[in-house]
Amino acid sequence: MKVAESLAVGTPVVSNLVPGLAPLESFIYQAPLDPAGFGAALDQALLAEDGRSAQGQAWVREHLDWTRVTAHFLDHLRGFGWDLPRPVED
């Protein structure tokens with residue numbers, strides 16, 4: 001969640017690639033497990049002008065906004081037979 005929040009505001013993200021981050025892989029500066037490698041990835045993220053943060057920001061805002069996440073979650077619950085109201089369209 002913190003990675004998506006950071007990307008949503010356009011902050012560069014440095015992380016080891018864990019399975020849950022796979023959809024965001026192209027927007028994250030991937031760091032190896034050693035401290036020196038992590039430091040190098042931090043330097044890369046701070047100095048980069050490759051548009052990765054802006055691309056990540058756009059992707060997160062399109063795919064992970066709360067309206068979309070909530071709708072997906074409620075649809076999942078409906079699949080278990082829960083009778084839940086549908087959101088009102090504007």
Side-chain angles (χ1 to χ4, degrees):
M1 182 61 96
K2 294 293 180 191
V3 169
E5 290 172 349
S6 293
L7 288 172
V9 297
T11 303
V13 174
V14 176
S15 178
N16 307 104
L17 190 60
V18 295
L21 297 180
L24 305 173
E25 178 177 359
S26 60
F27 313 120
I28 295 172
Y29 295 90
Q30 296 178 34
L33 297 175
D34 65 284
F38 197 87
L42 286 172
D43 287 342
Q44 180 188 9
L46 292 172
L47 299 173
E49 295 182 14
D50 58 7
R52 195 178 304 194
S53 295
Q55 293 166 359
Q57 182 179 38
W59 191 92
V60 167
R61 286 183 174 185
E62 180 179 343
H63 294 95
L64 298 179
D65 73 297
W66 280 113
T67 302
R68 184 176 292 233
V69 170
T70 303
H72 178 74
F73 179 70
L74 292 175
D75 285 343
H76 184 73
L77 292 177
R78 286 186 193 98
F80 289 107
W82 290 36
D83 184 23
L84 300 169
R86 301 265 175 202
V88 177
E89 297 290 327
D90 290 333

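For this chain, numbers begin at 1 and follow the sequence in order.
Put simply, W59 and V18 are part of the same group of oily side chains (I, L, V, M, F, W, Y) that touch within less than 4.5 Å, one to the next.
Among all heavy-atom pairs drawn from S53 and G10, the shortest one is CB-O, 3.5 Å. In terms of heavy atoms, V60 sits closest to A4 at CG1-O, 3.5 Å.
With hydrogens and angles ignored, the 3.5 Å screen pairs no side-chain donor or acceptor of R52 with any backbone N or O of P12. At distances below 3.5 Å, at least one donor-acceptor pair connects side-chain atoms of Q57 with backbone N or O atoms of A8.
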Got a list of side-chain donor-acceptor pairs under 3.5 Å for residues 19-37, not counting sequence neighbours?
{"from": "Y29", "atom 1": "OH", "to": "D50", "atom 2": "OD1", "distance (Å)": "2.8"}
{"from": "Y29", "atom 1": "OH", "to": "D50", "atom 2": "OD2", "distance (Å)": "3.4"}
{"from": "D34", "atom 1": "OD2", "to": "A36", "atom 2": "N", "distance (Å)": "3.4"}
{"from": "D34", "atom 1": "OD2", "to": "G37", "atom 2": "N", "distance (Å)": "2.7"}

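R61 is linked by a side chain to side chain donor-acceptor pair (under 3.5 Å) to nothing, counting only residues two or more places apart in sequence or in another chain. Residues passing the side-chain contact (heavy atoms from CB on, under 4.5 Å) test with S6 are T11, V13, sequence neighbours excluded.
Residue pairs satisfying the salt bridge (charged side-chain N to carboxylate O under 4.0 Å, His left out) criterion with at least one member in residues 5-22, sequence neighbours excluded, are listed as follows: K2-E5. Here side-chain hydrogen bond (donor to acceptor under 3.5 Å, both in side chains) pairs that include residues 38-49, with residues two or more places apart or in two chains, number zero.
Under the 4.5 angstrom side-chain criterion for Ile, Leu, Val, Met, Phe, Trp and Tyr, the cluster partners of F80 are F73, L74, L77, W82, L84.
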